[in-house]
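The structure appears below as structure tokens.
The chains referred to below are lettered A, B, ... by the order of the sequence lines, with proteins before strands, and numbering in each begins at 1. All of these numbers come straight from a predicted model, not from anything done at the bench.
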Amino acid sequence: MAEIIQEEKQEKGGRKKPKKHSTDIDMTPMVDLMCLLITFFMLTTAFSKPKIMEITMPEKDQKQKPEDKTKVQADRTYNILMAGDDKVYYYKGLADPKKDLPELIKTNYGKDGIRKVLLQLNKNVFKQVEELKTKVLKGELVMADSVLNRKIKEIKKSDKKAPIILIKADDKAKYKNIVDIIDEMAICNIASYAVVDINSVEEDMLKTAPK
Amino acid sequence: MPKIKLPTKSPHIDMTPMVDLFSLLLTFFMLTASFRPQEAAQITTPNSISDKSAPDKSIITIDITKDSKIFFDFNRNGLTFDRTGKEVADTATHYRKTLLEKMGERYKISFTEAEKKKFDNGTSFGMPVANLKRWLDSDSPKEKEAMQIGIPNDSADNQLALWVRFARLTNPNAEVIIRGDGDADYKTVKKIIDLMQDNKVNKFNLVTNLQKQEAKLDE
């Protein structure tokens with residue numbers, strides 16, 4: 001008997017209340033995915049723009065006579081010669097085949113190599129520029145970036161004893177070598193430098209250079 | 001002592017505002033992102049401390065690969081400046097199309113409208129002009145890649161010089177960007193720089209990777 005009643009009861013309660021589902025969806029996976037996507041897009045937009053290094057070459061004018069070409073003071077001039085196998089040399093002054101050839105000094109692209117040499121040569125300008133920059137960093141001087149850049153340019157121009165660097169690469173040098181050297185110019189705040197063609201005297205000097 | 005009963009709080013946080021914000025941000029970044037176009041060749045640029053950004057409009061890009069192949073590109077991101085210096089989309093000026101027409105005229109190759117359109121939307125390329133038509137018509141990526149043998153630039157047939165000259169004629173405001181592989185020969189780069197100077201370009205932008213370097217003066 002009791003069983004029947006139970007059955008009846010079950011049938012009576014047939015209007016089952018639909019199970020209440022929560023209206024909340026678990027959004028955690030969606031948020032995770034979105035986080036990842038946002039990071040991805042943020043990074044790709046920020047880094048897709050390549051950085052560049054500007055370089056202005058001296059104008060090539062065929063009509064120009066050799067006598068009219070800009071003369072550089074020999075005692076301020078330093079030549080950097082780049083050869084294959086990441087070799088780099090420098091010498092002071094001008095190589096004149098009629099006189100004794102200047103000695104080639106071997107160095108390297110590292111921070112103890114050519115950079116040390118250039119910093120020593122450009123000590124005055126470098127010190128002034130660094131002083132100015134630290135002052136601005138510490139907040140002792142407040143100026144806009146454009147003003148700062150102009151001041152740095154003025155400092156660079158003011159030193160009449162700063163070195164003039166001539167950059168010459170022979171055919172075996174790699175592209176990254178020349179970028180490295182131009183970069184060193186920027187690091188050491190060298191005011192005047194130029195990328196020029198190597199001449200035959202210097203090519204000969206490289207052949208007999210210390211290995 | 002009676003226990004203090006802390007009210008039990010649900011451990012769930014309402015994430016709806018956060019999700020809303022995220023979707024907005026996501027949409028924004030997705031729409032503004034301009035993807036780096038498919039590159040014709042793998043190029044590892046050298047490092048430098050320069051943190052200047054490359055101009056992204058009105059540019060002539062010359063790629064130099066490790067094995068000294070040369071690729072040429074004009075208006076890479078489809079944006080350019082018109083003659084008055086106003087920023088416009090290249091779809092309005094069709095500089096690339098004009099360039100192709102000029103080049104075709106010079107080499108007596110006639111391109112169909114479809115080919116011109118393809119070139120208009122394209123990116124960098126590196127092959128002799130004679131193969132350009134076949135390259136534009138080809139649909140197989142493998143065949144297309146095999147055709148990228150670099151633009152001839154020797155004195156006998158200096159097509160690169162012509163590309164540059166015509167590109168400069170089409171858009172005098174165009175700037176030159178050189179994207180060279182660090183291990184490329186300086187000889188090749190110098191050849192290109194000389195060629196540019198013959199075309200009265202004296203300012204170059206060399207693409208580099210930013211890498212900070214410290215310099216200290218020791219006494």
Item to check | Residue part contacting chain A, namely of B:Ser23, when any heavy atom lies under 4.5 Å | outcome: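 Interface part for B:Ser23: both.
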Item to check | B:Thr188 versus chain A, the contacting section by heavy-atom distance below 4.5 Å | outcome: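 Neither the backbone nor the side chain of B:Thr188 comes within 4.5 Å of chain A.
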First locate atom [atom1] of [X], then atom [atom2] of [Y], and finally report the distance between them rounded to the nearest 0.5 Å.
{"X": "A:Lys168", "Y": "B:Tyr186", "atom1": "NZ", "atom2": "OH", "value": "11.5 Å"}
{"X": "A:Ile181", "Y": "B:Ser48", "atom1": "CD1", "atom2": "OG", "value": "13.0 Å"}
{"X": "A:Ile52", "Y": "B:Thr208", "atom1": "CD1", "atom2": "OG1", "value": "8.0 Å"}
{"X": "B:Ile49", "Y": "A:Met185", "atom1": "CD1", "atom2": "CE", "value": "11.5 Å"}
{"X": "A:Asp32", "Y": "B:Phe22", "atom1": "CG", "atom2": "CZ", "value": "9.5 Å"}
{"X": "A:Tyr175", "Y": "B:Leu206", "atom1": "OH", "atom2": "CG", "value": "4.0 Å"}

Checklist entry - How about A:Lys51 and B:Asn209: do any of their side-chain heavy atoms sit closer than 4.5 Å? => result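 No; the side chains remain at least 4.5 Å from each other.
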Item to check | chain B interface, residue from A:Met82, A:Glu184, A:Lys172, A:Met53 that has the most non-hydrogen pairs under 4.5 Å | outcome: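 Looking at each option in turn, the highest pair count goes to A:Met53.
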Checklist entry - With respect to chain B, which residue among A:Thr56, A:Ile38, A:Leu37 yields the maximal number of heavy-atom pairs within a distance under 4.5 Å? => result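 Sorted descending by pairs with chain B, the first entry is A:Ile38.
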Item to check | B:Lys187: salt bridge (charged side-chain N to carboxylate O under 4.0 Å, His left out) partners, not counting sequence neighbours | outcome: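 Expected list: none.
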Item to check | salt bridge (charged side-chain N to carboxylate O under 4.0 Å, His left out) partners for A:Asp85, two or more places apart | outcome: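 Result, salt bridge (charged side-chain N to carboxylate O under 4.0 Å, His left out) vs A:Asp85: none returned.
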Next on the checklist: Testing the basics here: between B:Val19 and A:Met30, what is the closest heavy-atom pair and its distance to 0.1 Å?
Outcome noted: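 Shortest heavy-atom contact: CG1-CE, 3.3 Å.
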Checklist entry - Can you say whether A:Asp180 sits under 4.5 Å from chain B via the side chain, the backbone, both, or neither, judging by heavy atoms? => result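 Contact with chain B: side chain only.
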Next on the checklist: Are more than 12 heavy atoms, taken from residues, nucleotides or ligands other than A:Lys151, located less than 6.0 Å from that residue's NZ atom?
Outcome noted: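 Result for NZ/A:Lys151: open.
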Checklist entry - Taking everything shown except A:Glu54 itself, do over 12 heavy atoms lie less than 6.0 Å from its CD? => result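 Correct, the count exceeds 12.
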Item to check | Sequence-distant partners of B:Tyr107, side chain to side chain contact (heavy atoms under 4.5 Å, CB included), two or more places apart | outcome: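 In terms of side chain to side chain contact (heavy atoms under 4.5 Å, CB included), with neighbours along the sequence ignored, B:Tyr107 is linked to B:Met103, B:Ile109, B:Val129, B:Asp157, B:Gln159, B:Leu162.
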Item to check | Audit row: B:Leu26, A:Phe41, side chain to side chain contact (heavy atoms under 4.5 Å, CB included) steps and yes/no | outcome: CA-CA 8 Å; B:Leu26 186 60; A:Phe41 278 108; 4.0 Å; yes
Checklist entry - Yes or no on side chain to side chain contact (heavy atoms under 4.5 Å, CB included) for A:Ile178 and B:Val189, after CA distance, side-chain angles and deciding distance? => result CA-CA 10 Å; A:Ile178 194 138; B:Val189 182; 5.8 Å; no
Checklist entry - Applying a criterion of heavy atom separation less than 4.5 Å, what residues of residues 190-199 of chain A form contacts with chain B? => result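 Heavy-atom contacts from residues 190-199 of chain A to chain B are A:Val195, A:Asp197.
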